[in-house]
Protein chains: 2
Amino acid sequence: MLTREELIEYSDEARKNYLEHISIDCVVFGFHEGQMKVLLLKNIGEEKWYLPGGFVLKPEPIEMAANRILNERTGLDKIFLQQFHVFGAPDRSKVHNDMYADMLPPEQNWFSNRFLSIGYYALVDFSEVTPKADRFSELCGWRDLDDMPTMELDHELIFKTALDTLRLQLNYQPIGYNLMPKEFTMPELQKLYETILDKKLDRRNFQRRILAFGILNRAEQPRKGGAHKAPYLYSFDLEGYRHALTEGFKGGW
Amino acid sequence: MLTREELIEYSDEARKNYLEHISIDCVVFGFHEGQMKVLLLKNIGEEKWYLPGGFVLKPEPIEMAANRILNERTGLDKIFLQQFHVFGAPDRSKVHNDMYADMLPPEQNWFSNRFLSIGYYALVDFSEVTPKADRFSELCGWRDLDDMPTMELDHELIFKTALDTLRLQLNYQPIGYNLMPKEFTMPELQKLYETILDKKLDRRNFQRRILAFGILNRAEQPRKGGAHKAPYLYSFDLEGYRHALTEGFKGGW
DNA sequence: TACAATTGTGTATAAAGTACACAATTGTAA
DNA sequence: TTACAATTGTGTACTTTATACACAATTGTA
């Protein structure tokens, strides 16, 4: 929550620098210890959760805006980003419209604007992220996919749409290069797929299918030290991966 | 091209009614006599082609805006629309920015704005469309998919992205209900698929596969009068079709 | 040293996709 | 009237992909 003076300053700055009526919201997926995670922000002093988001600078490509916004939250530089939908209901920013409504007249108040939000989802390497809160939030951090809090505005819809899109893309694109560490075992990769899809897959059939895609390289040496039989280590074959990204897996027709 | 007076009037009206920085562009697909068609506009007195487009009214849901814009061009009421991408390069509206640049100062000139364009594609019944030009264009009409002219702005990119999206959706969604007349023959439907995909399909395998989707009903009587053997008539089974639309065809995983 | 947990690999069966052939219908030209 | 070309309806063999399931090997622990 801003004071009146802060609101004036923020509004003036925003109007000067950002495109009006346009915002960006990001669903950042990470994967850690067999759990799919999403990056969320929590308001100062309130149980109000949000997706990380921001605005587009007047001369800035929207893709770059999404990158900049996420760079501020994660410290990451080159982020795998996928635009997936625009959310354009007229009342979607109503909560924010009302929040500061009596502090400042609408023509001066940035938060009185109607915003269309461009949704991006990001796949990031969990271990390389250092979550940083923004000026409105006391907390920026990971939440488990199966333990998401209630979110403000239409952020639950945005999140759900992102997840649906990700699940769909699993059918014709490789996933994992941006989510897994350099080297990983087959069961670890399978866990990623199972978490995204929220269902169990057959271990043997998964291995055959994934290998048939031709996007993995097997290391010579298996991982040692752990309990149980030492599993082989795999890494993504960048050439095959990129090819699969552009060409897609299966023709369908 | 507008006169200075018209530009002033247009700009003032636009600023009053529309959300700034946001536009909508539509790729309207129709199918007629075995040819896929796209609805295009041509500027008055110039060989400049555009996709039909428009702006979003201040209190209007974007989906409704797209519907309104297309209703004005086609006369159609309930249009199958699919949002597919936002085009947000800063220089994408440069041609328009420059066009009226010396007529009016930027802060008053609507066309000096940067616009992000939300891309929608539409599938419509060719025979029910009555193309109507807008105030900037002398001509609104169909062009064959394989005979598209060079287009202005980034409209070629928008068109190409729409077509790619449509081809992708063919793999997990039924297509045709919005494009075909009530009754049609199997070869006619096959032609639609072949046109979209730009490749030949095997007649017998196509029939089996399409029928297996469970979205077609066969009429009792075949079509008569034509040359050659009388083909059966089919219509879409609305229940099955809707089910396939929401559920998708094949799981993949 | 037996055991539980986990990994690697193979095989039988079902389903889906692909390639291809032949018979039936209809208007047209001889 | 009849042969013919064009087109439609249907079926079958073969290949590829997907699914279900079993057993042997490895590793730390009790």
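Just so it is clear, the structure is predicted and the values come from calculations on it, not from any experiment. Residue numbers start from 1 in every chain, and the chains themselves are labelled A, B, ... in the order their sequence lines are given, proteins ahead of strands.
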Value in whole Å for how far the P atom of C:dT6 lies from CD of A:Glu188: 13 Å
Nearest-nucleotide comparison on DNA chain C, the residue closer to the 5′ end among B:Lys229 and A:Leu233: A:Leu233
Sole candidate of A:Leu145, A:Asp25, A:Asp154 that passes side chain to side chain contact (heavy atoms under 4.5 Å, CB included) when paired with A:Phe159: A:Leu145
Selection from C:dT26, D:dG9, C:dT9 that lies nearest to any side-chain heavy atom of A:Gln207: C:dT9
Proximity of B:Phe84 and B:Tyr120 rings by center, below 6.0 Å: no
Atom pair NZ/CH2 of B:Lys37 and B:Trp142 - distance to nearest 0.5 Å: 9.0 Å
Between C1' of C:dG17 and CD1 of B:Ile210, the distance in whole Å: 15 Å
Interatomic distance, A:Asn205 CG vs C:dG8 C1' [rounded to whole Å]: 14 Å
Which nucleotide in C:dT18, D:dC21, C:dA21 has an atom nearest any side-chain atom of B:Arg204: C:dA21
A:Arg203 side-chain proximity, nearest of C:dT26, D:dT27, C:dT9: C:dT9
Residue B:Pro187, side-chain atoms from C-beta onward, closest of D:dT27, D:dT8, D:dT10: D:dT8
Rounded distance in Å - NE2 (A:His228) to P (C:dC3): 17 Å
Distance in angstrom units between A:Asp202 CG and D:dA18 C1', rounded: 11 Å
Passing option when A:Leu41 is tested against A:His155, A:Lys48, A:Arg73, A:Glu138 for side chain to side chain contact (heavy atoms under 4.5 Å, CB included): A:Arg73
Whole-Å distance separating the CG atom of A:Leu189 from the P atom of C:dT7: 13 Å
Positive for side chain to side chain contact (heavy atoms under 4.5 Å, CB included) with B:Tyr50, one of B:Leu153, B:Asp134, B:Leu40: B:Leu153
Pairing partner of D:dT26 (Watson-Crick or G-U wobble, both distances under 3.5 Å): C:dA5
First encountered from the 5' end of DNA chain C, between A:Pro231 and B:Arg208: A:Pro231
For atom OH of A:Tyr232 and atom C1' of D:dT27, their distance in whole Å: 15 Å
Distance, rounded to the nearest Å, where A:Arg209 contributes CZ and D:dT16 contributes C1': 13 Å
A:Arg218 side-chain N/O to C:dT9 phosphate OP1/OP2 under 4.0 Å: yes
